[in-house]
2 protein chains.
Amino acid sequence: MLSILKTGDCLSVVPQLQQKSRLAYLDPPFFTGGRQESTTRDGKKKYSYDDRWNTLDEYLEFIQERLLVVKKALHDGGSVIYHCDWRTSHHARVLLESIWGREGFKAEIIWTYKRWSNSKRGLMPAHQTLLWLAGSEDYVFNQAFDEYSPTTNVDQLLQLRTRDDRNKSVYAADANGEILPNGKKPGVPLSDVWDIPYLNPKAKERVGYPTQKPVALLSRVVELFSNEGDWVLDPFCGSGTTLVAAALLNRNAVGIDTSPEAVALAKSRVASPEVSHSRVLELGRDSYRRKDNLEHLAGLDVTPVYRNRAIDAVLQEGHLGLPVLFRVQRPGESIAELHTRMLAAVQKKRARVGFIVETCWSTQSEMFLNESPLVQVVKAPAIEVTRCLEKLDVA
Amino acid sequence: MLSILKTGDCLSVVPQLQQKSRLAYLDPPFFTGGRQESTTRDGKKKYSYDDRWNTLDEYLEFIQERLLVVKKALHDGGSVIYHCDWRTSHHARVLLESIWGREGFKAEIIWTYKRWSNSKRGLMPAHQTLLWLAGSEDYVFNQAFDEYSPTTNVDQLLQLRTRDDRNKSVYAADANGEILPNGKKPGVPLSDVWDIPYLNPKAKERVGYPTQKPVALLSRVVELFSNEGDWVLDPFCGSGTTLVAAALLNRNAVGIDTSPEAVALAKSRVASPEVSHSRVLELGRDSYRRKDNLEHLAGLDVTPVYRNRAIDAVLQEGHLGLPVLFRVQRPGESIAELHTRMLAAVQKKRARVGFIVETCWSTQSEMFLNESPLVQVVKAPAIEVTRCLEKLDVA
DNA sequence: AAAGTAAATGAATCAGTAA
DNA sequence: GTTACTGATTCATTTACTT
């Protein structure tokens with residue numbers, strides 16, 4: 001497969017291309033009104049580009065001219081994926097529909113992610129928009145499937161369904177009232193909301209180019225909207241993520257950028273593609289989440305903590321400026337081991353005090369009553385109730 | 001709090017309103033080019049409305065006229081939340097910005113949900129858009145917080161950070177190299193992507209009105225963008241979900257709809273406090289509010305009991321063939337009164353024993369330690385924690 | 001006991017925002 | 001502009017466990 005990189009303005013470069021593309025992915029500047037800068041990990045090289053226009057109209061004209069040449073470089077049924085954010089998504093769509101027509105619009109894809117946050121009066125931006133349009137109904141779309149939601153009823157997967165006389169969906173049955181089995185189901189059709197981790201600041205995949213997109217996002221775009229051997233076009237290729245994704249998926253690709261540094265970087269990336277396989281994406285965020293019994297802390301304003309064996313939660317307010325730690329006993333855990341770990345944690349994290357909530361009764365725990373003022377063992381009501389009922393047995 | 005419902009076109013009704021609103025939530029027809037119909041569960045009543053305009057311009061003019069009167073009915077810093085889908089979100093935003101100004105635009109909120117799917121060539125639509133605009137910078141925004149992601153590590157929550165000489169963020173330490181504690185952490189600011197379950201076809205909440213929105217969604221809108229006692233306006237109120245949410249959250253509300261059937265339905269929904277009350281409990285589960293106090297009984301197999309002042313739950317197994325009763329202290333309730341009531345209940349219901357879980361500390365409760373073997377007072381861990389921290393203060 | 005592997009957790013960084 | 005904060009993530013290192 002070929003990866004072609006060209007330096008220059010796509011406005012003049014795209015018309016010179018020899019082959020028609022199946023897919024164009026555009027990730028132009030977002031009209032943030034600033035300058036995007038980023039430095040490589042070693043601090044040696046600095047990449048940047050300007051995202052400044054005098055007026056919105058000027059910006060939109062810039063985009064429109066380039067969209068027109070891109071359309072000409074696409075196959076008849078070629079797809080465009082236009083990547084933008086809340087600042088310009090509405091204008092971009094009007095522009096795109098003016099060129100591809102209202103019927104050319106196929107979907108508004110929401111790329112959502114969790115990212116480092118900050119204090120803000122208002123809602124934290126956590127999504128960007130990908131607009132999909134196609135030149136005709138001959139577009140390529142490789143159907144993909146998500147897993148079923150964990151709440152999905154087995155019967156829905158196994159039983160055939162039909163409609164009753166009021167046109168409501170019901171389970172189908174044969175003449176004897178026996179249920180009818182359903183064929184194999186591939187999964188849920190992929191939705192237009194994509195939860196893909198944002199390219200983490202620490203990811204190896206990062207090359208120091210500003211606004212770099214994750215390969216995981218581009219792989220999905222390339223895979224859905226083109227076939228193997230097709231040509232993929234990225235007129236604002238930046239550090240070349242699209243070309244990396246295309247190369248990995250056996251597509252030919254053309255990347256164009258005005259910055260010679262960006263093109264050089266993209267060339268080197270394509271030559272030795274680095275993909276950080278995201279653990280979060282593979283396992284899902286919930287895999288980190290313990291099935292917790294924080295209900296035992298009801299009535300306290302606590303923040304749950306997940307990646308630590310000694311601590312389940314911390315008090316939101318703290319106490320006199322120092323943290324207060326919590327750990328709820330889980331079945332099979334001895335108070336002794338929890339006590340040791342908690343004591344270490346209190347000292348290491350410079351906490352005021354650590355609490356262990358005892359949930360499984362044993363005589364052991366009494367031993368720790370006056371062990372150290374830094375770790376306190378408190379009993380869950382369930383324990384007191386059980387002990388009290390046991391006393392009643394004896395009486 | 002007041003809930004006012006009016007039949008008619010909001011274009012003429014809104015200008016007659018006496019009071020200014022803090023928030024207007026608009027959920028107009030989506031320009032689907034069809035007729036929206038839905039039937040109640042029993043099949044008796046059929047609700048419908050027309051969503052047919054000849055041209056897009058005609059539709060947009062219809063919306064624009066109504067937006068203009070709505071703006072006049074809002075306080076200076078009032079917020080509009082305009083609910084739409086991918087069909088019209090771009091046009092709606094252009095329209096809204098033409099009235100409220102580019103700087104009036106505050107956020108593009110994505111409501112995402114999982115919904116049962118039919119196979120389709122393309123991506124499953126799984127989101128709708130809520131556009132937030134405000135008339136000035138005096139808008140109401142009640143900051144809300146999400147929980148931290150399970151991948152977040154404790155140190156970031158507990159340790160203060162600073163910047164080194166190269167302006168990189170590092171953990172702060174005192175002169176001795178000891179880590180410094182960080183202050184209060186409320187959680188992560190709420191993001192602009194809201195994952196709220198779509199109103200399930202089988203949900204009790206469903207009243208058979210087409211395009212009915214979940215109370216959980218409207219509760220969040222009302223809570224974020226208005227204060228208690230404010231007026232909330234819904235010019236296309238349909239089955240009245242906005243008014244239900246407003247009533248639950250102590251806001252006054254005006255709902256308007258052209259359909260007399262819709263208005264009648266909305267009136268009945270708002271007027272039945274019993275239904276709404278049970279919904280509050282459901283709401284608490286997936287909203288970010290305080291949880292049910294039966295969590296204090298975590299670890300015990302109990303059956304909740306409603307409609308009884310003395311009893312909150314009973315032990316599922318009982319004890320030696322007799323019932324065991326539970327009551328969790330609620331804020332403002334004295335242990336004395338609960339004790340009296342519980343004693344009566346234990347005798348009347350011929351129970352083995354009754355437990356009162358103390359959740360708010362007072363010296364009172366000690367008096368009841370040996371009062372009667374039939375009623376036992378046990379402490380929630382939160383109490384022990386609070387007492388322990390108070391002791392630390394003294395030391 | 002030493003060596004090798006898996007799991008736990010500490011460190012670093014940013015198309016972040018606010019004052 | 002400059003300074004002060006943010007937390008989700010992956011990378012890197014330490015600790016725990018097995019052979």
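Note: hydrogens, waters and symmetry copies are ignored here, and every other heavy atom, side chains too, is used. Labels below follow one simple rule: chain letters A, B, ... track the order of the sequence lines, proteins then strands, and each chain is numbered from 1.
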Which word best sums up how the rings of Y47(A) and Y209(A) line up, parallel for under 30°, tilted for 30 to 60°, or perpendicular for over 60°?
tilted
May I ask you to evaluate whether K348(A) reaches the phosphate of dG10(C), defined as a side-chain N or O under 4.0 Å from OP1 or OP2?
yes
To the nearest Å, how far apart are R121(A) CZ and dG16(C) P?
21 Å
Do Y139(B) and W132(B) make the cut of ring centroids closer than 6.0 angstrom?
yes
Residue-phosphate contact under 4.0 Å: S117(A) side-chain N/O, dG16(C) OP1/OP2:
no
With a cut-off of less than 4.0 Å, is there a side-chain N or O of S278(A) near OP1 or OP2 of dT10(D)?
yes
Can you pull out the residues from residues 200-210 of chain A that lie within a 4.0 Å heavy-atom distance of DNA chain C?
P201(A), K202(A), R206(A)
Assess whether side-chain contact (heavy atoms from CB on, under 4.5 Å) is satisfied between F225(B) and N142(B), documenting all intermediate values.
CA-CA 7 Å; F225(B) 305 111; N142(B) 296 309; over 6 Å; no
Inter-nucleotide C1' distance (dG16(C), dA12(C)), Å rounded
16 Å
Of R307(A) and L157(B), the one whose closest DNA chain D nucleotide lies more 5'
L157(B)
Using atom types as modelled and distance alone, determine if a side-chain donor or acceptor of R22(B) lies under 3.5 Å from a backbone N or O of G77(B).
no
Of dA18(C), dG16(C), dT9(C), the nucleotide closest to the side chain of R309(A) is dT9(C)
Do any N or O atoms from the side chain of D51(A) and from the backbone of P29(A) form a donor-acceptor pair under 3.5 angstrom?
no
How are the rings of F236(A) and F62(A) set to each other: parallel, tilted or perpendicular (split at 30° and 60°)?
tilted
Between Y113(A) (OH) and dT10(D) (P), how many Å, whole number?
15 Å
What's G187(B) touching, base or sugar-phosphate or nothing? Going by heavy atoms closer than 4.0 Å.
sugar-phosphate
Using the side-chain hydrogen bond (donor to acceptor under 3.5 Å, both in side chains) criterion, which residues pair with E58(A)? Sequence neighbours excluded.
none
Counting the atoms with a prime plus P, OP1 and OP2 as sugar-phosphate, which does Y198(A) contact under 4.0 Å by heavy atoms, base, sugar-phosphate, or nothing?
sugar-phosphate
Closest listed nucleotide, where the reference is the side chain of R285(A) and the choices are dA11(C), dT9(D), dT17(C):
dT9(D)
Geometric cation-pi criterion, R93(A) with F105(A): 6.0 Å, 45°
yes
Expressed in angstrom and rounded to an integer, what is the separation of K120(A) atom NZ from dC5(D) atom C1'?
16 Å
Check: S239(A) main-chain N/O paired with R269(A) side-chain donor or acceptor under 3.5 Å:
yes
Roughly how many Å is it from NZ in K349(A) to P in dA8(C), rounded to a whole number?
15 Å
Any stems for DNA chain C, made of 3 or more Watson-Crick or G-U pairs in a row, each with both distances under 3.5 Å?
C:2-14 with D:7-19, C:16-19 with D:2-5
Want to settle it: does G122(A) or F31(A) sit nearer the 5' end of DNA chain C, counting the closest nucleotide to each?
F31(A)
Once hydrogens and angles are ignored, does a donor-acceptor distance under 3.5 Å link the base of dT9(D) to the side chain of Q156(B)?
yes
Figure out the CZ/P separation between R279(A) and dA12(D), and round it to whole Å.
15 Å
To the nearest Å, how far apart are I179(B) CD1 and dG10(C) P?
9 Å
Examine R87(A) relative to F30(A) and say whether NZ or CZ is less than 6.0 Å from the centre of the six-membered ring and inside a 45° cone about the ring axis.
no
Does a side-chain N or O from S149(B) land closer than 4.0 Å to OP1 or OP2 of dT9(D), or not?
yes
For the backbone of A126(B) and the side chain of T112(B), can you confirm whether one donor and one acceptor N or O come within less than 3.5 Å of each other?
yes
At under 4.0 Å between heavy atoms, what does Y49(A) touch on the DNA or RNA strands: base, sugar-phosphate, or nothing?
base
Could you give the CG-to-C1' distance, from L123(A) to dT6(D), as a whole number of Å?
17 Å
What nucleic acid atoms does N308(A) come within less than 4.0 Å of, heavy atoms only: base, sugar-phosphate, or nothing?
sugar-phosphate
Regarding dT13(C), can its base be found pairing with the side chain of R161(B) as donor and acceptor, where the two atoms are less than 3.5 Å apart?
yes
Classify P28(A) by what it touches in the nucleic acid, base, sugar-phosphate, or nothing, heavy-atom distance under 4.0 Å.
base
In whole angstroms, the gap separating P of dC14(C) from NZ of K213(A) amounts to 15 Å
